[in-house]
Amino acid sequence: MAGNTSGDDYENIDWDTEDELEIQNITPSSCASLATLNTQTIVSNGEASSSAGPSNSKLVQHFLGMGFSEQLIAKAIKENGEANTESILESLLTYSVLESDSPDEQNSCPQQQQCVEENGELSSDYDESLCDDLSESDDSWSGGSEIADISSSLPKHEKAVLSLANMGYTVEEATAAMERCGPEASIAELTDFICAAQMAKTEDVFFEEEKPKLPLRLNADFKKRKLYDLEIWKRKKRKGLVSEEDEGLRLPNPMIGFGVPTDVNVITHRTLPDAAIGPPFFYYENVALAPKGVWDTISRFLYDVEPEFVDSKYFCAAARKRGYVHNLPIKNRFPLLPLPPRTVNDALPLTKRWWPAWDKRTKLNCLQTVIGSAKLTERIRKALEKWGDDPPQQVQKYVMDECRKWNLVWVGKNKVAPLEPDEVEMLLGFPRNHTRGGGISRTDRYKSLGNSFQVDTVAYHLSVLKDIFPNGINLLSLFSGIGGAEVALHRLGIPLKNVVSVEISEANRDIVRSWWEQTNQKGNLIHLADVQQLNGDRLEQYMGSFGGFDLIVGGSPCNNLAGSNRVSRDGLEGEQSSLFYDYFRILDLVKCIMNKQS
DNA sequence: GTTACTATGACCAATAAG
DNA sequence: CTTATTGGTCATAGTAAC
């Protein structure tokens with residue numbers, strides 16, 4: 001078992017693709033070509049600016065990681081000294097705002113200092129409407145209306161412009177990029193384009209020194225201004241025509257990805273793009289039914305790997321439609337045993353007695369973070385009690401609609417109820433009481449569970465690692481939540497050697513730590529709170545101490561992608577969901593560091 | 001302050017209907 | 001082919017209760 005034999009599979013995997021540094025024009029990936037959100041990855045080249053850069057490279061790295069340009073950082077440090085990071089940051093932000101308000105200013109593009117491709121020609125729009133009177137704009141938006149409300153109700157392409165604007169680009173730049181790249185272009189494509197345009201425009205222009213330092217604008221004012229610019233853009237757009245190019249990934253039906261344990265049709269081979277090939281292995285997850293273009297963008301960032309869309313209803317009694325982007329082998333997968341019950345009837349046998357014949361459900365819908373109200377179940381009971389076993393169609397439809405929407409199950413005569421937390425735990429493949437105790441409220445249990453992996457599904461995908469890493473793995477777990485990946489690996493019998501787990505919620509960290517202790521794990525568990533604080537230095541530190549990560553798992557926040565969000569379904573640029581870019585940033589960092597080590 | 005409870009449609013895409 | 005209908009969704013915000 002040990003040693004050489006088990007290495008066979010490993011060697012079949014084509015890790016040794018050294019030369020993946022070929023220039024990729026579109027893909028925002030790979031260490032060499034990309035700057036987006038990724039400036040840190042050039043560490044090894046000693047990107048020392050010729051301009052007598054500050055000695056404190058860590059400090060520079062820190063701000064580079066936040067997306068500011070090296071020149072701006074140098075300037076900010078010069079102004080503020082190295083000691084006061086707060087004031088440096090403030091200066092940097094100020095520069096960005098200045099840039100966006102005065103297009104003449106160059107070089108403050110918060111990203112992409114080193115894009116070289118594209119011949120960035122700009123449309124004439126660049127010169128127009130740059131001199132909009134600000135006071136006018138302020139007046140026109142001075143009503144009590146909330147900016148956020150307005151922006152969230154905008155069409156998607158306009159949101160894209162607004163996103164770019166809020167990233168520090170001018171609306172004119174964003175518009176030009178949109179016109180050039182098409183309305184469905186991803187933010188990555190757009191930023192690439194803008195950067196190229198800026199490079200073209202700013203050649204030979206060196207950083208000017210003294211700029212009047214204005215007080216930092218309030219964020220609301222900033223957005224207000226951008227929104228006004230957006231209105232201008234809309235007016236322009238109505239005149240011209242915009243090519244609508246529809247292109248996008250389609251969800252498979254049935255949603256079984258490369259295969260599920262209960263189906264004989266299993267795909268065992270695929271070809272990964274060279275840039276995607278590890279080490280490390282990575283495994284990224286998010287909701288399948290995201291707004292248009294989101295999965296295209298995710299896939300493009302993650303080295304053009306096609307997502308594997310899987311509905312967990314093929315693994316358990318509840319649906320869970322998710323997309324997974326990973327570079328794992330797909331041959332010889334195996335499921336966790338015992339196979340979990342796959343019908344409501346089997347999973348919740350006590351409901352069978354009360355389950356009416358006209359409720360044809362055999363599976364539950366997606367387990368959410370909130371549950372149906374008591375009022376609703378009472379309304380349903382009242383609606384049903386007038387009738388016998390066979391209520392009229394209208395009533396049946398009403399009841400069924402609500403049951404499907406809220407995942408209600410039958411717990412008594414004419415009585416439906418939401419699932420209990422421990423039932424959700426069981427359906428998702430967690431040990432009973434996994435989220436119980438430790439002072440967590442019932443509401444928060446639902447929330448944590450609703451945001452989690454379905455363990456059997458994930459374990460099936462990760463099962464191929466068992467032969468590859470018989471001695472255990474080092475895991476980097478981003479957005480760990482309640483530890484779905486850790487539980488899956490553990491149940492697969494894959495030892496966890498070193499786990500760096502990043503999770504913002506303290507309650508969730510407590511849950512994972514408690515599980516770690518109860519299952520007598522032999523490895524090390526390192527907990528961090530914020531992915532945004534995880535930089536190259538810390539990663540190198542960890543990786544140096546135990547020799548790199550074997551697997552990077554993460555399901556980034558879906559808040560702004562999920563259909564059930566009525567308020568802020570802003571897509572990948574939403575407040576929480578944009579943390580996807582941190583997943584990519586960290587993955588790419590690890591990839592680069594590992595390449596450097598090997 | 002924390003927790004529980006409730007009301008709140010939008011968006012997308014698949015499907016049905018015309 | 002177009003348009004209408006349907007189904008489904010890792011949720012948020014406000015308010016009351018504790």
Side-chain angles (χ1 to χ4, degrees), chain A residues 146 148-149 152-157 159 184 246 248-255 284-296 309-313 318-324 360-361 363-379 397 400-407 417-419 421 424-425 427-430 435 439-455 457-458 479-482 484-485 503-508 554-572 574-577 579-580:
Chain A
E146 298 264 338
D149 288 344
S152 64
S153 65
L154 295 171
K156 180 154 44 72
H157 48 285
K159 279 185 199 164
E184 295 302 322
D246 261 331
L249 295 164
R250 287 178 68 85
L251 297 178
N253 189 15
M255 197 183 279
Y284 174 82
E285 177 261 12
N286 215 320
V287 290
L289 284 76
K292 230 177 200 172
V294 166
W295 276 107
D296 297 283
F309 292 105
V310 183
D311 189 340
S312 291
K313 75 178 180 183
R320 204 164 186 80
K321 298 182 177 64
R322 296 293 182 271
Y324 306 88
K360 305 290 186 192
R361 290 179 299 163
K363 307 271 189 187
L364 293 166
N365 273 340
C366 184
L367 304 170
Q368 307 252 77
T369 58
V370 285
I371 59 170
S373 67
K375 283 248 170 79
L376 174 63
T377 61
E378 181 62 8
R379 279 198 296 269
K397 183 175 185 329
M400 287 313 303
D401 282 350
E402 297 297 339
C403 283
R404 268 192 272 264
K405 187 188 296 182
W406 293 106
N407 256 342
L419 296 169
V424 180
E425 281 171 350
L427 288 163
L428 289 175
F430 287 93
T435 59
I440 190 173
S441 71
R442 183 182 162 89
T443 310
D444 285 344
R445 284 182 78 187
Y446 282 118
K447 189 165 185 175
S448 294
L449 286 162
N451 283 303
S452 176
F453 289 164
Q454 206 285 327
V455 170
T457 311
V458 172
F479 315 104
S480 300
I482 57 174
E503 168 56 40
I504 195 76
S505 154
E506 186 180 359
N508 285 348
S556 64
C558 68
N559 305 21
N560 310 118
L561 309 179
S564 47
N565 188 339
R566 299 129 162 96
V567 179
S568 54
R569 196 183 187 189
D570 300 334
L572 206 50
E575 187 182 350
Q576 288 84 27
S577 293
L579 288 172
F580 159 73

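Residue numbering restarts at 1 for every chain, and letters A, B, ... go by the order of the sequence lines. What you see is a predicted model, and the numbers here were worked out from it, not measured in a lab.
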If I take atom [atom1] in residue [X] and atom [atom2] in nucleotide [N], what distance separates them, rounded to the nearest angstrom?
| X | N | atom1 | atom2 | answer |
| --- | --- | --- | --- | --- |
| A/Leu428 | C/dC10 | CG | C1' | 10 Å |
| A/Ile371 | B/dA7 | CD1 | P | 13 Å |
| A/Glu402 | B/dT8 | CD | C1' | 13 Å |
| A/Glu575 | C/dC10 | CD | P | 19 Å |
| A/Ile504 | C/dC10 | CD1 | C1' | 17 Å |
| A/Asn286 | C/dA11 | CG | C1' | 14 Å |
| A/Leu572 | B/dC11 | CG | P | 18 Å |
| A/Met255 | C/dC10 | CE | C1' | 14 Å |

Quick one: are [X] and [Y] in side-chain contact, heavy atoms under 4.5 Å?
| X | Y | value |
| --- | --- | --- |
| A/Pro291 | A/Leu561 | yes |
| A/Met400 | A/Arg361 | yes |
| A/Leu289 | A/Leu251 | yes |

Residue [X], side-chain heavy atoms: nucleotide from [options] that is nearest:
| X | options | answer |
| --- | --- | --- |
| A/Lys292 | B/dA13, B/dA7, C/dT9 | B/dA13 |
| A/Asn565 | B/dA4, B/dC12, C/dT12 | C/dT12 |
| A/Ser568 | B/dT6, B/dA4, C/dT12 | C/dT12 |
| A/Asp444 | B/dA7, C/dT12, B/dT3 | B/dT3 |
| A/Pro291 | C/dT9, C/dT12, B/dC12 | B/dC12 |
| A/Lys397 | B/dA7, C/dG7, C/dT9 | C/dG7 |
| A/Thr369 | B/dC11, C/dA11, B/dA4 | C/dA11 |
| A/Arg566 | B/dT3, C/dT9, B/dG9 | B/dG9 |
| A/Asn451 | C/dT12, C/dC10, C/dT9 | C/dC10 |

Look at the side chain of A/Arg569 and the base of B/dA10, then say whether one donor and one acceptor between them are separated by less than 3.5 Å.
no
Side-chain donor or acceptor of A/Glu503 paired with backbone N/O of A/Gly481 under 3.5 Å:
yes
Using atom P in both nucleotides, what's the gap between B/dA7 and C/dC10 to the nearest angstrom?
22 Å
Considering every strand and a 4.0 Å limit on heavy-atom distances, what is the contact class for [X]: base, sugar-phosphate, or nothing?
| X | value |
| --- | --- |
| A/Arg404 | sugar-phosphate |
| A/Gly555 | base |
| A/Cys558 | base |
| A/Ser577 | nothing |

For A/Leu289 and for A/Lys447, find the nucleotide of DNA chain C with the closest heavy atom, then tell me which residue's nucleotide is more 5'.
A/Leu289
Examine [N]: is either OP1 or OP2 under 4.0 Å from a nitrogen or oxygen in the side chain of [X]? Give yes or no.
| X | N | answer |
| --- | --- | --- |
| A/Arg322 | C/dC10 | yes |
| A/Ser441 | B/dA4 | yes |
| A/Ser564 | C/dT9 | no |
| A/Ser373 | B/dC5 | no |
| A/Asn560 | C/dA11 | no |
| A/Gln368 | C/dC10 | no |
| A/Asn559 | C/dT12 | yes |

Set out, in order, the CA-CA distance, both residues' side-chain angles and the distance that settles side chain to side chain contact (heavy atoms under 4.5 Å, CB included) for A/Phe580 and A/Asn286, then state yes or no.
CA-CA 10 Å; A/Phe580 159 73; A/Asn286 215 320; 5.8 Å; no
Go through it in stages, so that I can follow the logic: the residues are A/Gln454 and A/Cys366, the test is side chain to side chain contact (heavy atoms under 4.5 Å, CB included), and I'd like the CA-CA distance, side-chain angles, deciding distance and then a yes or no.
CA-CA 11 Å; A/Gln454 206 285 327; A/Cys366 184; over 6 Å; no
Name the residue closer to the 5' end of DNA chain B, choosing between A/Ala290 and A/Arg379 according to the nucleotide with the nearest heavy atom.
A/Arg379
Go ahead and name the base partner of B/dG9; Watson-Crick or wobble counts if both distances stay under 3.5 Å, otherwise write none.
none
A/Glu575 CD: over 12 foreign heavy atoms closer than 6.0 Å:
no
